[in-house]
K.L.:
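Below you will find the structure I want to go over with you.
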Amino acid sequence: MVAHYYTELVNFFAKSLNNRDNAKDLVQEAYAKVLALQTRGTEIRDWRALLYRTGKHLIVSDARRHDAETRMLQTLALIGADHAPSAEHHADIRQQLERLLSRLERMPRKRRDAFILVRIHGMSYAEAASHMQVSLEAIDKHVVRAVMDCMSYRP
């Protein structure tokens, strides 16, 4: 019934993504999500609009995930230049992540929380301050100290 939107959706998202294969994957995932809604009993009035919106949300989610991964790799690089993460060194990256987690566990809670909000989740200092209900200066101090902890701590 809704399959006749498939080609239209693929064409639309292929322009956005500059890749027809990725657009096909995206449309397939959008269909799966919308059909899952229907099987849970959600009434769907406008399939076409919901499929477009779902596809756009998937693009945004993927961009956010990519940004978070990039920030995580940048954070891991703080541990040591000699352990710079790369696609060829997955085991190395896993070790770096374990070291980072170990260092985060040893940090005071507020310092760790501020660091995670700013460096991992990508919040601005103002957003992190509001979220933690502390001053902007406190966030700045916590993040600076956390970065120093990451750079200087040796297990």
Side-chain angles (χ1 to χ4, degrees), residues 1-81 83-105 107 109-134 136 138-140 142-143 146-147 150:
M1 175 180 171
V2 296
H4 65 277
Y5 297 126
Y6 179 81
T7 303
E8 176 186 348
L9 289 162
V10 168
N11 289 336
F12 176 81
F13 288 114
K15 291 176 187 172
S16 299
L17 299 171
N18 293 323
N19 185 315
R20 191 159 190 82
D21 290 331
N22 288 348
K24 287 178 181 179
D25 292 341
L26 178 91
V27 171
Q28 183 177 8
E29 189 173 348
Y31 266 98
K33 288 190 177 291
V34 170
L35 290 171
L37 282 174
Q38 183 189 33
T39 60
R40 287 193 299 253
T42 303
E43 181 184 348
I44 300 172
R45 296 180 188 181
D46 187 349
W47 283 86
R48 182 176 178 268
L50 185 57
L51 287 165
Y52 270 97
R53 174 162 286 184
T54 302
K56 289 178 182 179
H57 284 214
L58 289 169
I59 289 173
V60 169
S61 294
D62 187 54
R64 285 183 182 149
R65 184 176 58 251
H66 179 12
D67 288 347
E69 289 172 359
T70 300
R71 285 191 301 274
M72 177 60 81
L73 292 174
Q74 290 169 345
T75 300
L76 290 174
L78 290 173
I79 293 170
H83 296 287
S86 69
E88 297 87 16
H89 300 100
H90 291 291
D92 222 17
I93 291 172
R94 186 175 303 277
Q95 290 174 350
Q96 290 176 40
L97 182 56
E98 288 171 5
R99 283 194 299 271
L100 175 64
L101 292 174
S102 173
R103 292 169 188 188
L104 288 172
E105 288 172 359
M107 287 181 195
R109 184 185 53 80
K110 286 186 177 184
R111 184 180 302 175
R112 178 181 57 242
D113 291 349
F115 181 80
I116 290 171
L117 290 173
V118 172
R119 294 296 302 229
I120 306 300
H121 293 294
M123 285 187 176
S124 69
Y125 280 34
E127 291 169 330
S130 174
H131 180 79
M132 292 179 62
Q133 298 178 340
V134 297
L136 198 58
I139 292 295
D140 184 48
H142 286 312
V143 171
V147 168
C150 286

K.L.:
Looking at every heavy atom in both Q38 and I44, which two are closest together, and how far apart are they?
P.N.:
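What the structure gives for the nearest pair is CB-CD1, 3.9 Å.
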K.L.:
So, taking the atom named CG in D67 and the one named NE2 in H121, what distance separates them when rounded to the nearest 0.5 Å?
P.N.:
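If I round to the nearest 0.5 Å, the distance is 13.5 Å.
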K.L.:
Check whether any side-chain heavy atom of R48 lies under 4.5 Å from a side-chain heavy atom of Y52, and answer yes or no.
P.N.:
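Of all side-chain heavy-atom pairs linking Y52 with R48, at least one is under 4.5 Å.
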K.L.:
So Y6 and Y31, would you call those rings parallel, tilted or perpendicular, with 30° and 60° as cut-offs?
P.N.:
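Geometry flag for Y31 against Y6: tilted rings.
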K.L.:
Which pair of heavy atoms, one from M107 and one from A146, lies closest together, and at what distance?
P.N.:
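For M107 and A146, the tightest heavy-atom pair comes out as CE-O, 3.5 Å.
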K.L.:
Considering non-hydrogen atoms only, spot the tightest contact between R112 and E105 and give its length.
P.N.:
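Nearest pair, atom of R112 first, then E105: NH1-O, 3.8 Å.
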K.L.:
State the CG-NZ distance between N19 and K24, to the nearest 0.5 angstrom.
P.N.:
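The distance works out to 10.0 Å.
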K.L.:
Within the side chain of T39, is there an N or O that forms a donor-acceptor pair under 3.5 Å with the backbone of A36?
P.N.:
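Present.
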K.L.:
With rounding to the nearest 0.5 Å, note down the distance linking NE2 in H57 to CD in E29.
P.N.:
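The distance works out to 13.5 Å.
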K.L.:
With rounding to the nearest 0.5 angstrom, report the CG to CG distance, D62 to L26.
P.N.:
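Rounded to the nearest 0.5 Å, the CG-CG separation comes out at 8.5 Å.
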K.L.:
Could you check L37 against L50 for side chain to side chain contact (heavy atoms under 4.5 Å, CB included), going step by step and ending with a plain yes or no?
P.N.:
CA-CA 11 Å; L37 282 174; L50 185 57; 4.2 Å; yes
K.L.:
What's the spacing between D25 CG and D21 CG if we round to 0.5 Å?
P.N.:
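Those atoms lie 7.0 Å apart.
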K.L.:
Would you say CD of E127 has more than 12 non-hydrogen atoms from neighbouring residues, nucleotides or ligands within 6.0 angstrom?
P.N.:
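Atom CD in E127 is packed in, count exceeds 12.
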K.L.:
Please report the shortest heavy-atom distance between G55 and A30, naming the atom on each side.
P.N.:
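The pair with the smallest heavy-atom distance is N-CB, 4.1 Å.
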K.L.:
Testing the basics here: between H142 and A114, what is the closest heavy-atom pair and its distance to 0.1 Å?
P.N.:
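Smallest heavy-atom distance, with atoms named: CB-CB, 3.6 Å.
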K.L.:
Looking only at non-hydrogen atoms, find the nearest pair between F13 and I59 and report the distance.
P.N.:
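Scanning both residues, the minimum pair turns out to be CD2-CD1, 3.6 Å.
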K.L.:
Decide yes or no on side chain to side chain contact (heavy atoms under 4.5 Å, CB included) for R20 and N11, but give the supporting numbers first.
P.N.:
CA-CA 8 Å; R20 191 159 190 82; N11 289 336; 2.9 Å; yes
K.L.:
Please report the interatomic distance CG(L100) to CD1(I120), rounded to the nearest 0.5 Å.
P.N.:
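The CG atom of L100 sits 6.0 Å away from the CD1 atom of I120.
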K.L.:
Quick one: are L117 and I139 in side-chain contact, heavy atoms under 4.5 Å?
P.N.:
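Counting from C-beta outward, L117 and I139 never come under 4.5 Å.
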